[in-house]
Amino acid sequence: MDVMKQFFSNEDKFARHCGIELLDVGEGWAKACMKIEPQHLNGAKTVHGGAIFTLADFAFAVASNSHGYLAMGINTSVSYVKAALEGKLYAEAREQAINPKLASYSVLITDDAGDTVAIFQGMVYRKRGAIIPDNYLAGGKER
């Protein structure tokens, strides 16, 4: 799983741009965090729903691709249950069901106090190709 962690940490440019850090990954599971910065806030001075969604979507992507095969999101939903203001947010994605073509995941987004901020659910279509290119290991990055 170290290669999976390295791959997503390096290659998901949007997650990096948003300040998201991949903490851990296992088969069907991933945990990521995002330190709340001024650019994550909306006009009401709470974390923008899009920032929360992006954190959850990243954890979902890593968990769903953790089996090594390319998995692409086909449906997601999110419920925001508490405003986030400061500190860090955490997203923990867990596989709920998997078959050769489809898999579903739940992602719990929490704050530093462990309170639930949002609940995300997603489904992926599982493709046959590998998520990590064969030449990725040769130099640590795709050439």
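- A donor-acceptor contact closer than 3.5 angstrom is absent between the side chains of Q121 and S77.
- For D115 (side chain) and D111 (main-chain N/O), no donor-acceptor pair under 3.5 Å exists by modelled atom type.
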Checking L89 against V47 for the side-chain contact (heavy atoms from CB on, under 4.5 Å) test, could you report, in this order, the C-alpha distance in whole Å, the side-chain angles of both residues, the deciding distance, and whether it holds?
CA-CA 10 Å; L89 292 178; V47 177; 4.2 Å; yes

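- Both V3 and I131 belong to a single network of hydrophobic side chains, linked directly or stepwise wherever heavy atoms of I, L, V, M, F, W or Y lie under 4.5 Å apart.
- Linking ILVMFWY residues whenever their side-chain heavy atoms come closer than 4.5 Å, directly or via other members, places L41 and F53 in the same cluster.
- In this structure a side-chain-to-backbone donor-acceptor pair under 3.5 Å is missing from R94 to Y105.
- With Y90 as the aromatic partner, K31 meets the cation-pi criteria of under 6.0 angstrom to the ring centre and within 45 degrees of the ring axis.
- Using modelled atom types, no side-chain atom of N75 and backbone atom of M123 make a donor-acceptor pair closer than 3.5 Å.
- Residues N10 and Y136 form a side-chain contact, since some pair of their non-hydrogen atoms from C-beta on lies under 4.5 Å apart.
- Among all heavy-atom pairs drawn from C18 and T54, the shortest one is SG-CG2, 4.1 Å.
- Under the 3.5 Å distance criterion, the side-chain polar atoms of H67 are left unmatched by any main-chain donor or acceptor of Y69.
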Between M4 and D2, does a side-chain contact (heavy atoms from CB on, under 4.5 Å) hold up when you go through it step by step?
CA-CA 5 Å; M4 188 69 61; D2 287 340; over 6 Å; no

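- Remark: H48 NE2 to I36 CD1 distance equals 14.0 Å, nearest 0.5 Å.
- With hydrogens and angles disregarded, a donor-acceptor distance shorter than 3.5 Å links the side chain of Y80 to the backbone of G49.
- Scanning all heavy atoms of the two residues, the minimum distance from K127 to M72 falls at CD-CG, 4.2 Å.
- In terms of modelled atom types and a separation under 3.5 Å, the side chain of D12 and the main chain of F8 share no donor-acceptor contact.
- With R126 contributing its side chain and L70 its backbone, the two residues share no donor-acceptor pair below 3.5 Å.
- Proximity of a side-chain donor or acceptor of S9 to a complementary backbone N or O of Q6 within less than 3.5 Å is not detected.
- Across all non-hydrogen atoms, the minimal contact from A59 to V107 is CB-CG1, 4.4 Å.
- The minimum heavy-atom distance linking P133 with F7 is given by the pair CD-CE1, 3.8 Å.
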List the steps and the verdict of side-chain contact (heavy atoms from CB on, under 4.5 Å) for I119 and L108.
CA-CA 5 Å; I119 302 162; L108 188 63; 4.1 Å; yes

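- Taking all atoms of both residues into account, the shortest heavy-atom contact from K5 to L22 is CE-O, 3.2 Å.
- Rounding to the nearest 0.5 Å gives a distance of 4.5 Å between OG1 of T76 and CZ of F120.
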Given Q96 and S106, is the side chain to side chain donor-acceptor pair (under 3.5 Å) satisfied, shown in steps?
CA-CA 7 Å; Q96 301 300 313; S106 62; 2.9 Å; yes

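- In the displayed structure, E86 atom CD is contacted under 6.0 Å by at most 12 heavy atoms of other residues, nucleotides or ligands.
- Atom NZ of K82 is surrounded by more than 12 heavy atoms from other residues, nucleotides or ligands within 6.0 Å.
- Taken together through direct or relayed side-chain contacts under 4.5 Å among Ile, Leu, Val, Met, Phe, Trp and Tyr, W29 and F60 form parts of separate hydrophobic clusters.
- Here D112 contributes atom CG and C33 contributes atom SG; the two are 9.5 Å apart, rounded to the nearest 0.5 Å.
- Among L55, I52, T110, the one residue that satisfies the side chain to side chain contact (heavy atoms under 4.5 Å, CB included) test with V117 is I52.
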Is there a side-chain contact (heavy atoms from CB on, under 4.5 Å) between H40 and M34 once you walk through the steps?
CA-CA 10 Å; H40 296 125; M34 179 180 72; 3.5 Å; yes

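- Taking each heavy atom of A15 and F58 in turn, the nearest pair found is CB-CD1, 3.5 Å.
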